[in-house]
Amino acid sequence: MKIKTRAGSVVFENVTKTYGLGAVTAIDNVSFTINPGELVTLLGPSGCGKTTTLRMIAGLEHATKGKILIGGKDVTQLPATDRDVSMVFQSYALFPHMTVLENVAYGLTVTGVAKAEAHEKAEEGLDLVGLAGYGRRLPSELSGGQQQRVAVARALVLEPEVLLLDEPLSNLDAKLRRQVRTEIRELQQKLGLTAVYVTHDQEEALAVSDHIIVMNRAVIAQQGTPRELYEQPASGFIADFIGDANLVGAELVEVEGDMAHIEIGGLRQTLPHRGLGIGPVNVAVRPDAIELSAVNGESGQSSLKGHITHAAYLGNQMQYSVTSDIGDLFVIDPHIDAPIATGDEVRIGFSGRGLAVVPTDE
Ligand code: ATP
């Protein structure tokens with residue numbers, strides 16, 4: 001194979017970026033390490049600073065303070081043209097008057113690579129993204145998903161130390177998004193590339209990443225593997241951003257080793273205390289961790305009860321809105337054969353999984 005992989009690391013050391021002479025702090029003293037061969041996603045709500053972070057790796061923006069290293073080399077002051085990275089943009093940014101092959105070879109030819117060699121590499125790049133034989137077409141003769149794959153091939157032939165992807169799927173429809181994200185992930189793993197991927201779609205981030213850095217208001221809110229973020233959210237914000245969560249007020253009443261006894265609306269649960277002490281806490285409860293059962297006749301027990309205010313059938317699950325003493329709850333229930341009707345009274349319970357204690361102060 002002519003195309004080589006040179007996976008580099010990316011390190012941010014106390015990086016701050018301000019715009020408008022300090023009026024806007026887009027990134028506030030952020031540090032992280034991306035290891036060679038990893039796909040790391042920068043995830044967060046609009047305006048959190050993820051695009052600015054990606055553009056600083058690319059050299060399209062420069063840090064106001066701090067240090068950026070790529071492949072162990074300090075690139076903080078280097079312009080984009082002197083960095084070993086290539087970027088895939090959400091708009092594809094293909095040249096419409098050039099053939100697909102010329103588009104993929106373009107970056108090589110402008111850096112002085114002989115045409116024959118550039119075209120050979122471009123053919124190989126197209127082959128890698130499953131577009132062998134499409135080289136003679138114009139971009140307008142390809143579908144959106146195919147154009148995005150051309151953009152990926154164009155980035156790959158430059159043999160970057162780091163591949164940057166800026167919301168690469170946002171111009172595609174939902175089904176195609178799933179397919180193309182799988183292709184990008186498979187290619188990244190096959191070639192062992194270091195990739196930094198920006199998205200605001202949490203499902204996409206969970207699906208493609210080795211590691212996710214969740215940003216909020218210019219800082220890192222939490223980073224970890226998809227499973228760590230989903231199962232051990234550090235805050236109510238993370239619990240709600242990575243998947244849905246009901247944030248419920250509770251009381252931590254006793255600590256025993258790593259575990260704590262928690263009272264939630266009169267129900268007692270034993271959960272990891274995660275460093276929190278006795279007193280009020282919040283519990284992030286996944287919608288599928290709530291179990292509802294119909295209240296049959298008179299029941300004097302002091303269990304937690306609620307009322308169904310809305311029931312929706314979604315084919316493979318029921319979704320309920322429930323009012324209760326612990327607040328309004330959103331519930332997902334796979335038992336579609338015995339749906340509960342709007343207005344019914346229900347008893348509320350929790351399954352063992354899908355509950356995490358988080359601090360109240362945010
Ligand atoms: P989105 O998902 O909407 O693209 P983002 O998380 O990528 O958001 P950034 O584009 O990095 O966020 O922006 C972070 C902050 O910096 C925002 O408050 C934004 O308004 C501001 N900002 C970004 N670019 C500039 C600029 N060129 N001049 C001034 N402010 C900017």
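For clarity, every value in this text was computed on a predicted model and none was experimentally measured. Residue indices begin at 1 and follow the sequence shown. Heavy-atom basis, side chains included; hydrogens, waters and symmetry copies ignored.
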Novice: Do Tyr19 and Thr52 touch side chain to side chain, with heavy atoms closer than 4.5 Å?
Specialist: yes
Novice: Check whether any side-chain heavy atom of Ile3 lies under 4.5 Å from a side-chain heavy atom of Val157, and answer yes or no.
Specialist: yes
Novice: Could you list all the side chain to side chain donor-acceptor pair (under 3.5 Å) pairs where at least one residue sits in residues 28-39, not counting sequence neighbours?
Specialist: Asn14-Asn29
Novice: Less than 3.5 Å apart, any donor N or O on the side chain of Gln77 or His62 sitting next to an acceptor on the other?
Specialist: no
Novice: Could you check whether Arg178 pairs with Asp173 (Lys NZ or Arg NE/NH1/NH2 to Asp/Glu carboxylate O, under 4.0 Å)?
Specialist: no
Novice: Could I get the full list of side chain to side chain contact (heavy atoms under 4.5 Å, CB included) partners for Val253, not counting sequence neighbours?
Specialist: Glu251, His261, Glu263, Arg268
Novice: Is Ile262 close to Ile264 at the side-chain level, that is, under 4.5 Å between some pair of heavy atoms?
Specialist: yes
Novice: Any heavy-atom pair between the side chains of Leu138 and Val100 that's under 4.5 Å?
Specialist: no
Novice: Are Glu203 and Arg181 ion-paired here, with the side-chain N under 4.0 Å from a carboxylate O?
Specialist: yes
Novice: Can you tell whether the side chains of Arg353 and Glu231 come within less than 4.0 Å, N to carboxylate O?
Specialist: yes
Novice: Thr199 and Asp201: side-chain donor and acceptor closer than 3.5 Å?
Specialist: no
Novice: Excluding sequence neighbours, so at least two apart, what forms side chain to side chain contact (heavy atoms under 4.5 Å, CB included) with Glu228?
Specialist: Thr225
Novice: I'd like to check the ring-ring contact (aromatic ring centres under 6.0 Å, His included) partners of Phe12; sequence neighbours left out, ordered by chain and number.
Specialist: Phe32
Novice: Can you find a pair of side-chain heavy atoms, one from Thr41 and one from Val198, that are under 4.5 Å apart?
Specialist: no
Novice: Which residues pass the side chain to side chain contact (heavy atoms under 4.5 Å, CB included) test with Arg6, not counting sequence neighbours?
Specialist: Asp84, Glu159, Glu161
Novice: Sorted by first residue and then second, give each ring pair (Phe, Tyr, Trp, His ring centres under 6.0 Å) pair with at least one member in residues 96-144; sequence neighbours left out.
Specialist: Phe95-Tyr106
